[in-house]
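Hydrogens, waters and symmetry mates play no part in the numbers below; they use all other heavy atoms, side chains included. Counting starts at 1 for both ligands and their atoms, in listed order. Everything numeric here is computed off the predicted structure, so don't read it as measured data.
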Amino acid sequence: MTPLITGIHHITAIAGNPQSNINFYSGILGLRLVKKTINFDSPDVYHFYFGDELGRPGTVFTTFPFTGARKGTKGSGELTYTAFSISADSLNYWIERLKKYGVSVSDVLTRFGEKLIRFEDHDGMGIELIANDKDSRPGWTYGQIPAENSIRGFYGATLNLRAKELTEKLLTQHMDYRFIGEENGRFRYGTEGKPGDIVDIVIDKTGNRGMQSAGTVHHIAFRTANEATQLEVQNILMKNGYQVTEVKDRNYFKSIYFREPGGVLFEVATDEPGFAIDEDEAHLGELIKLPDWAEPSRDRIVANLTPVTLNPEAYA
Ligand code: ZN
């Protein structure tokens, strides 16, 4: 049977200053800002989508940035590290690049036989770059970053939980995930077990809850092909006792949300229609795009947003 869920669709975080957010993800990490819109549930806040050149599912890190947001804290019930995938020989390029921009980088770590580095953005958001030779997604060029060193998309995500059993059951019995392996208290799950679909659970023995604010993840979205498969997922989850929202129209995909037993907000989002629905592929992210219902209030909405500039070329 064709799986209903095929990996990670996007990961959404809360951030502070919008310009700093663009500088970090677009300028330093070289992700393309593929959409500049508003938080549909809170229209006074931006919603930025950073991804590969088209914002393909599995590459899109999104943020709700607002100036003056207090910093959150990592803790249990949170997605604490978002891992991106880079080619096996790109690690030194990234260590040099991050140091050049004053980002404090961990020593090179090894996990499941692959080398990685860990660092935080200016808001304290946990990021990892995992060097590997399992990623078949091609490199691409953005700003000043050569294609061979580009971030290919997500590798996976780390969920920091008090216990794993109920979340493991959800992933493996209702979401097409399977257990892949365990290393040093890190339990790994994947749909196929390749970059873009990995979910790791780490048991947080302190049990301290995190505080969700700037520098923490708001939710993780998993991929499903289309509206029909999404309804199948919704039905399976509801039959198994999960409180799932109705389908919400996010313009670039359709979404359902529910809270997994460990406390992390999960979303299941459709691969269709994607970010080229309201902008030409060559000009993604240049204008502030609003959903139809917000267009009548465009002047007021835009007046409340801090203007930002996009200048990836400045990050040599
Ligand atoms: Zn989302």
Side-chain angles (χ1 to χ4, degrees), residues 4-15 18 21 25 31-52 54-66 69 72 77-84 123 125-127 153-154 156-159 170-171 175 196-197 199 212-227 229-231 233-234 237 242-260 262-275 277-278 284-285 289-291 293-294:
L4 296 172
I5 289 178
T6 56
I8 298 170
H9 186 285
H10 64 269
I11 294 174
T12 294
I14 304 170
N21 195 242
Y25 290 96
L31 299 176
R32 184 178 182 194
L33 181 72
V34 292
K35 196 64 63 182
K36 192 163 56 184
T37 181
I38 51 169
N39 181 339
F40 288 11
D41 298 326
S42 181
D44 53 337
V45 176
Y46 274 123
H47 193 178
F48 295 155
Y49 291 83
F50 302 95
D52 72 358
L54 295 179
R56 292 181 180 88
T59 73
V60 184
F61 185 73
T62 100
T63 59
F64 299 134
F66 49 107
E78 282 194 349
L79 192 166
T80 46
Y81 285 90
T82 296
F84 292 101
D123 292 317
M125 174 69 212
I127 306 283
F154 292 124
T158 296
L159 308 184
L170 165 66
L171 287 168
M175 292 182 66
D197 71 36
V199 172
Q212 205 168 59
S213 192
T216 64
V217 165
H218 187 265
H219 65 266
I220 177 171
F222 295 88
R223 299 175 63 170
T224 194
N226 52 47
E227 291 177 51
T229 58
Q230 183 175 56
L231 290 176
V233 173
Q234 186 190 41
L237 292 169
Y242 293 94
Q243 307 261 333
V244 189
T245 66
E246 77 277 22
V247 175
K248 295 180 192 264
D249 185 355
R250 299 316 195 186
N251 254 19
Y252 313 106
F253 43 84
K254 296 264 181 16
S255 299
I256 54 174
Y257 302 83
F258 62 105
R259 194 145 319 256
E260 62 85 22
V264 180
L265 185 61
F266 277 13
E267 173 183 347
V268 176
T270 56
D271 284 356
E272 302 167 347
F275 295 102
I277 191 177
D278 60 358
L284 292 174
K289 304 303 289 187
L290 299 179
W293 54 262

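Inside a sphere of radius 2.8 Å centred on the Zn ion (ligand 1), the protein N/O/S atoms present are H10 NE2, H219 NE2, E267 OE1.
Applying the salt bridge (charged side-chain N to carboxylate O under 4.0 Å, His left out) test to R32 and every residue at least two apart in sequence or in another chain returns nothing.
Side-chain atoms of Q230 come within 3.5 Å of backbone atoms of V268 as a donor-acceptor pair (strictly under, hydrogens ignored). Proximity of a side-chain donor or acceptor of T37 to a complementary backbone N or O of K289 within less than 3.5 Å is detected.
Annotation: F50 is not in aromatic contact with F61 [ring centroid separation under 6.0 Å not met].
A donor and an acceptor atom, one from each side chain of H219 and T12, are located under 3.5 Å apart. Counting only N and O atoms by type, the side chains of S255 and E267 include a donor and acceptor under 3.5 Å apart.
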